[in-house]
Amino acid sequence: GAGVSQSPSNKVTEKGKDVELRCDPISGHTALYWYRQSLGQGLEFLIYFQGNSAPDKSGLPSDRFSAERTGGSVSTLTIQRTQQEDSAVYLCASSFLFEKQYFGPGTRLTVT
Amino acid sequence: GQQVMQIPQYQHVQEGEDFTTYCNSSTTLSNIQWYKQRPGGHPVFLIQLVKSGEVKKQKRLTFQFGEAKKNSSLHITATQTTDVGTYFCAGAGGGSQGNLIFGKGTKLSVKP
């Protein structure tokens with residue numbers, strides 16, 4: 001089947017605006033992860049969903065960031081009142097339980 | 001909290017030379033995974049190590065998991081230009097936290 005898909009691939013927004021980033025995981029995968037990667041940097045964990053359990057939100061950098069996963073499948077990462085420091089590539093990954101993660105192509109967010 | 005340190009941050013080698021990146025965790029890991037991210041791409045799973053002292057090989061790549069399950073290494077023999085990219089280790093602490101803790105990665109450049 002298809003891999004992890006993310007949309008949009010690129011998003012340019014003005015400072016202060018809200019943005020929504022979407023992730024479609026691989027069908028049947030129980031876990032879904034969001035990461036942030038700044039240019040040339042490592043992966044910063046944001047949030048993790050596993051089945052019907054409460055999400056692990058320990059990586060969210062501020063209360064402007066939130067995410068939901070509907071029906072155990074599609075996830076949306078929302079950033080409110082975007083700031084320039086939010087500019088980065090946002091990567092989504094899915095896995096079956098705690099097995100290897102499959103990453104999507106990412107959404108490049110630019111806040112002007 | 002759990003930390004995964006990875007060294008070196010950068011490595012420049014001549015084609016044909018060997019390359020090694022090291023990963024150290026502050027806590028005992030249930031397993032460790034390695035990912036490769038090509039320039040402009042997203043991380044792609046390479047391998048998972050689970051057992052203490054485990055060694056796995058993939059062609060010119062050799063992966064080791066330490067006896068104490070707190071460190072790991074990736075060794076590439078006779079590098080090629082196709083090996084260029086950033087190599088990330090990611091440790092799973094187990095327990096209630098299901099997310100992987102990624103190292104900051106080692107960026108490998110290979111001069112032909």
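Chain naming here is simple, since letters A, B, ... match the order of the sequence lines and numbering starts at 1 in each.
- Neither the backbone nor the side chain of B/Gln6 comes within contact range of chain A, judged by heavy atoms closer than 4.5 Å.
- Between A/His29 and A/Tyr102, the two ring planes are tilted [angle within 30° to 60°].
- For a residue to count as touching a neighbouring chain, one of its non-hydrogen atoms must lie under 4.5 Å from one of that chain's; by this rule A/Glu44 does not touch chain B.
- Looking at A/Leu43, the atoms closer than 4.5 Å to chain B (heavy atoms on both sides) sit in the backbone and in the side chain alike.
- Without hydrogens or angle criteria, A/Gln6 side chain to A/Tyr90 main chain gives a donor-acceptor distance under 3.5 Å.
- Between A/Arg64 and A/Asp86 there is a salt bridge, with a side-chain nitrogen of the basic residue lying less than 4.0 Å from a carboxylate oxygen of the acidic one.
- The residues A/Glu20 and A/Arg22 are annotated as not salt-bridged, no charged nitrogen and carboxylate oxygen being separated by less than 4.0 angstrom.
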